[in-house]
Undergrad: 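One structure is given below, represented as structure tokens, and several questions about it will come after.
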Amino acid sequence: DILMTQSPSSLSASVGDRVTITCRASQGISNYLAWFQQKPGKAPKLLIYEALTLQSGVPSRFSGSRSGTDFTLTISSLQPEDVATYYCQKYNSAPRTFGQGTKVEIK
Amino acid sequence: EVQLVESGGGLVQPGGSLRLSCEASGFTFSVHQMDWVRQAPGKGLEWLSYISGSGRAMYYADSVEGRFTISRDNAKNSLFLEMNSLTVEDTAVYYCARTYQLPGPGHLDYWGQGTVVTVSS
């Protein structure tokens, strides 16, 4: 099975900072990678799909990129409402594995 | 408006069984692959299973293969997860989620609010 390694597990940044979260696949998954945001007590919310495509209604400060089997979620200017845990998920084939999650806090 | 509403969670003893349901509305249910995902308390998301729109193809995570069975009733716009031989490690919030249908693999675009399963004696 393909492993998804997400880093860091947590981060603390100031409002307005640029934040980067990485997900590495152990094998090629093409662009079949999604990013989700989850706030406490809530269901996950889709942010990015096909590695690069912003889901409708998601603020443009969120973006996704890919370099080989490395995928990145970037928040260009961190806002207080972005405090959440972020997960990547590969969906090229089963098992549709999630990364371990990254908890983002405000410094 | 797409809506997914899970039900059937509750308290069950180790070794017991439970059947979760997910009622879908606001879209053509039979077209979409559907997934189950769970989240243990304080832990990350764990993908469990998916079923094709027709119901003919199903896949499972190793952690639940042989104990959990996914099914669907397209006439009733409903998805199910039959869970047997439950252990305390199955305690979690269980979510159903819709796969956005494309020619090719699709991402999860809508999620239910989750139903809580607690396995305890």
Side-chain angles (χ1 to χ4, degrees), chain A residues 1-10 21 23 25 27-58 64 66 71 73 84-104, chain B residues 1-7 9 20 22 24 32-52 56-66 68 70 92-116:
Chain A
D1 292 347
I2 297 173
L3 298 178
M4 303 301 296
T5 304
Q6 187 174 338
S7 61
S9 57
S10 65
I21 299 168
C23 205
Q27 299 174 41
I29 58 170
S30 187
N31 272 8
Y32 297 118
L33 190 285
W35 290 97
F36 298 92
Q37 176 193 65
Q38 187 181 34
K39 297 184 177 180
K42 300 293 188 181
K45 172 189 172 185
L46 176 67
L47 298 176
I48 303 279
Y49 61 94
E50 288 182 8
L52 315 173
T53 304
L54 194 68
Q55 172 71 347
S56 175
V58 174
R66 172 196 169 192
F71 299 83
L73 172 69
T85 302
Y86 295 82
Y87 296 92
C88 63
Q89 186 199 23
K90 68 97 167 169
Y91 57 91
N92 61 310
S93 64
R96 290 152 62 94
T97 312
F98 289 91
Q100 298 87 342
T102 297
K103 187 174 185 178
V104 174
Chain B
E1 178 194 6
V2 172
Q3 285 198 328
L4 299 170
V5 180
E6 301 94 338
S7 60
L20 305 184
C22 171
H32 290 264
Q33 174 184 304
M34 298 293 295
D35 293 51
W36 285 100
V37 175
R38 72 182 177 185
Q39 186 169 37
K43 302 296 185 182
L45 301 172
E46 179 185 14
W47 177 82
L48 296 180
S49 180
Y50 80 69
I51 186 168
S52 63
R56 285 194 285 267
M58 294 87 79
Y59 293 90
Y60 298 92
D62 289 346
S63 60
V64 303
E65 176 94 55
F68 289 12
I70 192 171
V93 178
Y94 285 73
Y95 297 99
C96 66
R98 187 186 86 160
T99 291
Y100 182 77
Q101 244 10 82
L102 291 167
H107 55 277
L108 301 179
D109 61 349
Y110 284 95
W111 296 61
Q113 84 290 347
T115 188
V116 177

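Residue numbering restarts at 1 for every chain, and letters A, B, ... go by the order of the sequence lines.
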Undergrad: Tell me whether the rings of B/W111 and A/F98 are parallel (<30°), tilted (30 to 60°) or perpendicular (>60°).
TA: tilted
Undergrad: Checking B/Y60 against chain A: side chain, backbone, both or neither under 4.5 Å from a heavy atom?
TA: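 Interface part for B/Y60: neither.
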Undergrad: Taking side chain as everything from C-beta outward and backbone as N, CA, C, O, which of these in A/K45 sits under 4.5 Å from a heavy atom of chain B? Side chain, backbone, both or neither.
TA: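 Answer is neither: A/K45 stays 4.5 Å or more from chain B.
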Undergrad: Less than 4.5 Å to any heavy atom of chain A: does that hold for the side chain of B/V37, its backbone, both, or neither?
TA: side chain
Undergrad: Please find the pair of heavy atoms, one from B/G44 and one from A/Y87, that lie closest to each other, and give the distance.
TA: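 Reported closest heavy-atom pair: CA-OH, 3.4 Å.
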Undergrad: By side-chain contact (heavy atoms from CB on, under 4.5 Å), which residues pair with A/Y32, not counting sequence neighbours?
TA: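 A/Y32 satisfies side-chain contact (heavy atoms from CB on, under 4.5 Å) with A/S30, A/Y91, A/N92, B/P105 once adjacent residues are dropped.
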Undergrad: Using heavy-atom distances under 4.5 Å, tell me whether B/Q33 contacts chain A through its side chain, its backbone, both, or neither.
TA: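 Looking at B/Q33, just its side chain touches chain A.
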Undergrad: Closest approach of B/G112 and A/A43, non-hydrogen atoms and distance?
TA: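 Between these two residues, the closest heavy atoms are O-CB, 3.2 Å.
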Undergrad: Would A/T53 and B/H107 satisfy side-chain contact (heavy atoms from CB on, under 4.5 Å), going step by step from the backbone distance to the final call?
TA: CA-CA 11 Å; A/T53 304; B/H107 55 277; over 6 Å; no
Undergrad: Does the side-chain contact (heavy atoms from CB on, under 4.5 Å) test come out yes or no for A/Q55 and B/Y100, once each step is laid out?
TA: CA-CA 12 Å; A/Q55 172 71 347; B/Y100 182 77; over 6 Å; no
Undergrad: Determine whether more than 12 heavy atoms belonging to other residues, nucleotides or ligands lie under 6.0 Å from atom NZ of A/K42.
TA: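 12 or below, so no.
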Undergrad: Could you walk me through whether A/Q89 and B/L45 satisfy the side-chain contact (heavy atoms from CB on, under 4.5 Å) test, starting with their C-alpha distance in whole Å, then the side-chain angles of each, then the deciding distance to 0.1 Å, before giving a yes or no?
TA: CA-CA 9 Å; A/Q89 186 199 23; B/L45 301 172; over 6 Å; no
Undergrad: What closest approach, in Å, do B/D62 and A/D1 show between heavy atoms, and which atom pair accounts for it?
TA: OD2-OD2, 3.9 Å
Undergrad: With a 4.5 Å cut-off on heavy-atom pairs, point out which of B/Y95, B/Y50, B/Y110 contacts chain A the most.
TA: B/Y95
Undergrad: With a 4.5 angstrom heavy-atom cut-off, is it the side chain or the backbone of B/E46 that approaches chain A, or both, or neither?
TA: backbone
